[in-house]
Amino acid sequence: MASRHTLCLLLVLAAAGAAGASTVAYDDRALVIDGQRRIILSGAIHYPRSKPEYNFEGNYDIVRFFREIHNAGMYAILRIGPYVCAEWNHGGLPAWLRDIPGMQFRLHNEPFEREMETFTTLIVNKMKEASMFAGQGGPIILAQVIENEYGDIMAQLNNNRSASQYIHWCADMANKQKCHDYATSIRMVLIISITVEPTLAAPPVARTSQPATTTMLLWMSMPKYGHLKNLHNVLLSMETTLVHGEYNESSYGENITIKTPASVMVMRPSTAEEPEALNWSWMPENLRPFMTDDLGSFRKNQLLEQISTSSDQSDYLWYMTSLEHKGEGSYTLYVNTTGHELYAFVNGEIVGQKHSTNRDYVFQLESPAKLHSGKNYISLLSGTVGLTNYGALFELVPAGIVGGPVKLVGANGTAIDLTENSWSYVTGLDGEHRQICLDMPGNNWRGRNEGIVPVNRPFTWYKTSFDAPAGEEAVVVDLLGLNKGAAWVNGNSLGRYWPSYAAAEMDGCHVCDYRREFNAAGDESDLQCLTGCGEPSQRFYHVPRSFLRRDGEPNTLILFEEAGGDPTRAAFRTVAMATTVCASRGEHDVIAGVNVARGSCGAYEGGWES
Ligand SMILES: *[C@@H]1O[C@H](CO)[C@@H](O)[C@H](O)[C@H]1NC(C)=O
Ligand SMILES: *[C@@H]1O[C@H](CO)[C@@H](O)[C@H](O)[C@H]1NC(C)=O
Ligand SMILES: *[C@@H]1O[C@H](CO)[C@@H](O)[C@H](O)[C@H]1NC(C)=O
Ligand SMILES: *[C@@H]1O[C@H](CO)[C@@H](O)[C@H](O)[C@H]1NC(C)=O
Ligand SMILES: *[C@@H]1O[C@H](CO)[C@@H](O)[C@H](O)[C@H]1NC(C)=O
Ligand SMILES: *[C@@H]1O[C@H](CO)[C@@H](O)[C@H](O)[C@H]1NC(C)=O
């Protein structure tokens, strides 16, 4: 659960600038910056969406990122992690940690604490060396070094001693970093957060988790921008009241109603006229090497867990086996898997596909399987769409065909159990190994300018070239019509796409009214202001302008379409923010009842670790 109402943020930026060294302190009312009590209004940027290895080059140049914040006149709140939740595979913890003996994530154990301290120290020292803390003249007013909603984990583990020892170790380790020599030392901060939920209805849990540029921009900046802007203005207008004087039970007017002129994103064709259709060429994914069990990397008489086998190097893991059969036979193939999706092939033909739905990751694939006389090949392709990032012991949540069973059952009841057959394994697809996404010369692309590309063909690569849209507005590619796969522009990953995954229909969709008590438990009834029910969960994918070549130089878009889709409907668009009048969206768009001075925090109960 929880990725929805646990927008776990890596970096929080706040407006209002810093010039020269700042003092950062706090009293019982507020953060005090250069002697002024302040309310910090903040947004978040997941700076790295980074690779698992420690990499500070290029996109991952963290020091440069903080310099930009400073130059823009903003403060920064540095959130180090290493566990950051963040809708990122394992919450940012690299899969290789799993291979260290004795490792338990986020509990009291030497291997985890050693790796965590190494990482934290590295980041803090990097920031100190570059003078990025406020006391050094830099933008960082606060550093959050520890954990994320650990109170929830303590509860899940019944306050297990290992959990409480770990969180105390975290606090000691954080103090040892001595960030407070440069920023401020805060024992306890109550952070009142206004959570921006995705406006998409019932988001598929396992959302794209490749570069932030892909999804986060679209996720965060839709109509709630308009709501939050107004709410923030109200909070700022109350800043003095909120951060000065003694606690006062009086109400700040019963309701403060903010009618919002909501800003909405408008996707525009990238040229004045409707864009010319893109010319596509295509290439089949080479499945042949995986249609036998002769070419695997290794064999095992066991069906292995996927993440520990492929170490997050690819979404895909092949499981391949063979069996001898006397005469022809018609069977049903049953495969039990722990998700997230599965394709089955028998003797080179695709016979079935299934993916998990509604967060039900454990499922059974059932498909027909015709065997011939002699040797028969069964190949199973398991795919993941992101690794669990929340909850206690999430590293133990399996993926793939862990132990199966895998069975062939005939109509007459004859069963052939393949679970303990000799299985051969390969991580990744042939096209991934050959890095087709980089568009190296020598690939046999077919059909360019012939106007003929196959549609609804699974396991197909598509390629087109396009001119960068003029202007400075953000660029998106509309992938409606495509099914499920991944996209690259000039070799840069745009992430996974899955426009065929529709958001669930839900009651109350399209009605937007924030007036309610905050529900810390965050169950389904916590969802507010849903839109897009029954529609593709996402069809527009951000193409950062820094990925694009300008001045008429051609750009290349490559798609890997895994499930079968239609690329001919794809189009580039630019994004404009347009302000609409609230009334035109009905009178439901209201934020009301900000009963600010009610003092419900006074009734807050919870451990300091919360
Ligand atoms: C705490 O939970 C972890 C993970 O389940 C377990 O390994 C450990 O034995 C537990 N410790 C105690 C004291 O219950
Ligand atoms: C609380 O605030 C209200 C409104 O500003 C004021 O009338 C009242 O005197 C205050 N009460 C105390 C105890 O300060
Ligand atoms: C405040 O909002 C509630 C909930 O909509 C409403 O019932 C009440 O009448 C409002 N009070 C005032 C003074 O407008
Ligand atoms: C049962 O069905 C399988 C699959 O069609 C077939 O190969 C096998 O010969 C059958 N066995 C018997 C005893 O009929
Ligand atoms: C395999 O899946 C089926 C269907 O969900 C289920 O009934 C069966 O118990 C599962 N088998 C095992 C061993 O988990
Ligand atoms: C697509 O190919 C046709 C035929 O070669 C050409 O006329 C057209 O300009 C091309 N369109 C684009 C967008 O490149």
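Note that the numbering runs from 1 along the sequence shown for the chain. For ligands, and for the atoms within them, numbers begin at 1 and follow the listed sequence.
- Counting only heavy atoms of the protein, atom 5 (O) of ligand 5 lies nearest to Gln364 CB, 4.1 Å.
- A salt bridge links Glu305 with Arg98; the closest basic N to acidic carboxylate O contact falls under 4.0 Å.
- Among Trp88, Tyr150, Phe112, Phe394, the single residue meeting the ring-ring contact (aromatic ring centres under 6.0 Å, His included) criterion with Tyr83 is Phe394.
- Within ligand 4, the atoms closer than 4.0 Å to a non-hydrogen atom of His325 are 7 (O), numbered from 1 in the order shown.
- Here the shortest heavy-atom distance to atom 12 (C) of ligand 4, taken over Thr414, Ile416, Asn412, Thr332, belongs to Asn412.
- Contact check for Leu408 versus Leu323: side-chain heavy atoms found under the 4.5 Å cut-off.
- Salt bridge Lys484/Glu562: present, at least one basic N to carboxylate O contact under 4.0 Å.
- The distance between the ring centers of His355 and Tyr361 does not fall below 6.0 angstrom.
- Per-residue contacts place Asn336 under 4.0 angstrom from the following atoms of ligand 5 (heavy atoms of the residue considered): 1 (C), 2 (O), 3 (C), 8 (C), 10 (C), 11 (N), 12 (C), 14 (O).
- By the 4.0 Å N-to-carboxylate-O rule, Glu117 lies close enough to Lys176 to be salt-bridged with it.
- Atoms CG and CG, from Leu157 and Leu107 in turn, are 6.0 Å apart once rounded to the nearest 0.5 Å.
- For atom 7 (O) of ligand 5, the nearest protein heavy atom is 4.0 Å or more away.
- Considering backbone and side-chain N/O atoms, Gln104 comes within less than 3.5 Å of an N/O atom of ligand 1.
- When heavy-atom distances to ligand 4 are checked against a 4.0 Å cut-off, Lys326 has no atom that comes that close, whether in backbone or side chain.
- Taking 4.5 Å as the limit, every side-chain heavy atom of Glu432 sits out of range of all side-chain heavy atoms of Cys437.
- For atom 13 (C) of ligand 5, the closest heavy atom belonging to the protein is Pro405 CD, 3.5 Å.
- Looking at atom 1 (C) of ligand 1, its nearest protein heavy atom turns out to be Asn160 ND2, 1.3 Å.
- Here the protein heavy atom with the shortest distance to atom 3 (C) of ligand 4 is Tyr331 OH, 3.6 Å.
- Annotation for ligand 1: atoms under 4.0 Å from non-hydrogen atoms of Leu107 are 3 (C), 4 (C).
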